[in-house]
> 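Below: one structure in structure tokens.
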Amino acid sequence: MNITILTLFPEMFEGFQTNSIIKRALGKGVATIKVVNIRDYTKDKYGRTDTPPIGGGAGLIEKCQPIVDALRANKKESSHVVLLSPRGKTYDQKTAETYAKLDDLVLICGHYEGIDERVNAYVDELISIGDYVLTGGEIPAMGIADSVIRLLDGAITKESLTDESFNNGVLEYPQYTEPYDFEGQLVPDILYSGNHTAIEKWRRKQALLLTKKHRPDLFNKLTLSKQDLKLLKEAEEDQTPKWESDALEKGHKFIHKK
């Protein structure tokens with residue numbers, strides 16, 4: 001897919017495109033990113049793209065003409081055009097998955113005190129990344145581009161996408177590395193058991209607990225299965241269920257080697 005970003009500060013995207021997963025994805029042709037300088041399209045004789053608001057007020061407002069002309073020159077018939085705006089719906093994983101199915105995505109970065117209201121008539125959607133104020137839409141645009149590109153085939157392994165936070169509406173389960181004992185904090189023995197069915201149940205239980213504790217807003221939207229309810233009951237009553245004790249017993253030789 002192609003992502004086109006309209007911005008007054010194209011240099012902000014140089015590091016974004018030349019590091020880590022994004023660099024590799026672009027190098028393999030999984031996606032392309034085109035960064036367009038809105039300033040190149042202004043008709044102002046002094047090269048300005050902003051002006052004080054009509055009617056008075058603080059700061060400077062981005063003018064309509066440079067943004068609209070930049071958009072017209074760079075969007076395709078199939079483009080989905082998004083304006084980064086505080087009045088937009090809050091961006092989430094579901095939206096990222098929707099965008100990852102597109103062929104062409106255009107992101108418009110606002111800046112300064114805002115943009116001319118009339119720009120809204122030229123976009124398909126308004127998106128916000130949260131209820132806080134940034135100096136411009138460049139960082140949100142990077143966040144959206146990153147979240148979309150990593151979902152594309154070939155960007156990262158499919159296995160890495162399976163159990164991530166927000167998949168299926170829950171946070172990801174806890175992950176551990178060696179050593180077994182780090183300053184008194186131990187890796188749960190079940191992870192050494194070799195019983196993958198038991199490990200999956202334990203991880204599901206932990207994911208539910210973490211979501212309930214840290215993101216009750218997400219937890220309250222879940223439709224819990226009978227097994228989910230049973231797992232939560234086990235956890236809340238501090239039970240060691242038979243499936244877990246059996247897994248620990250059968251896998252004790254691996255656990256004792258840690």
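Positions are given from 1, in the same order as the sequence printed here.
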> What is the minimum heavy-atom distance between Thr18 and Glu14, and which atoms define it?
OG1-O, 2.9 Å
> When you measure from the side chain of Asp181 to the backbone N and O of Leu186, does any donor-acceptor pair fall under 3.5 Å?
no
> Should Leu224 and Phe219 count as side-chain neighbours, where that means a heavy-atom distance under 4.5 Å?
yes
> Tell me whether Glu234 is salt-bridged to Lys201, with the criterion being a basic N under 4.0 Å from an acidic carboxylate O.
no
> I'd like to know if Glu117 and Arg87 make a salt bridge, using a cut-off of under 4.0 Å between side-chain N and carboxylate O.
yes
> When you compare the side chain of Ser193 with that of Ile199, does any pair of heavy atoms fall below 4.5 Å?
yes
> Are Met1 and Tyr99 packed together at the side-chain level, in the sense that at least one heavy-atom pair is separated by less than 4.5 angstrom?
no
> With a 3.5 Å distance limit and no angle check, can you tell me whether Thr98 reaches the backbone of Lys94 through a side-chain donor-acceptor pair?
yes
> Have a look at Ile108 and tell me which of Leu84, Leu83, Thr4 forms a side chain to side chain contact (heavy atoms under 4.5 Å, CB included) with it.
Leu83
> Flag the pair Pro52 / Leu60 as yes when at least one side-chain heavy-atom distance between them is below 4.5 Å, and no otherwise.
yes
> When you measure from the side chain of Thr95 to the backbone of Tyr91, do you find a donor-acceptor pair of N or O atoms at a distance under 3.5 Å?
no
> Do you see a donor-acceptor pair shorter than 3.5 Å between the side chains of Lys250 and Asn195?
no
> Hey, are Lys76 and Asp103 close enough for a salt bridge, meaning a charged N less than 4.0 Å from a carboxylate O?
no
> Going by the salt bridge (charged side-chain N to carboxylate O under 4.0 Å, His left out) test, which pairs reach into residues 219-228, not counting sequence neighbours?
Arg204-Asp228
> Are Leu191 and Trp202 close enough that some pair of their side-chain heavy atoms sits under 4.5 Å apart?
yes
> Taking Asn74 for the side chain and Ala70 for the main chain, is one N or O donor matched with an acceptor at less than 3.5 Å?
yes
> Is the shortest side-chain heavy-atom distance between Val82 and Glu125 below 4.5 Å?
yes
> Short question: side chain of Ser245, backbone of Lys242 - any donor-acceptor pair under 3.5 Å?
yes
> Answer whether the closest heavy-atom distance between the side chains of Tyr180 and Asp189 falls below 4.5 Å.
yes
> If only atom types and distance count, is the side chain of Lys75 paired as donor or acceptor with the main-chain N or O of Val81 below 3.5 Å?
no
> Under 3.5 Å, is there a donor-acceptor pair between the Thr90 and Asp92 side chains?
no
> Would the distance check show the side chain of Thr49 and the main-chain N or O of Glu62 forming a donor-acceptor pair, the cut-off being under 3.5 Å?
no
> Fit a plane to each ring of His111 and Phe9, take the angle between them on a 0 to 90° scale, and name the class: parallel (under 30°), tilted (30 to 60°) or perpendicular (over 60°).
tilted
> Show me the pairs that pass salt bridge (charged side-chain N to carboxylate O under 4.0 Å, His left out) and involve residues 46-59, at least two apart or across chains.
Asp44-Arg48
> Mind checking the CH2-CG spacing from Trp243 to Leu248? Nearest 0.5 Å is all I need.
8.5 Å
> Is a side-chain donor or acceptor of Gln65 paired with a backbone partner of Tyr41 at a separation under 3.5 angstrom?
yes
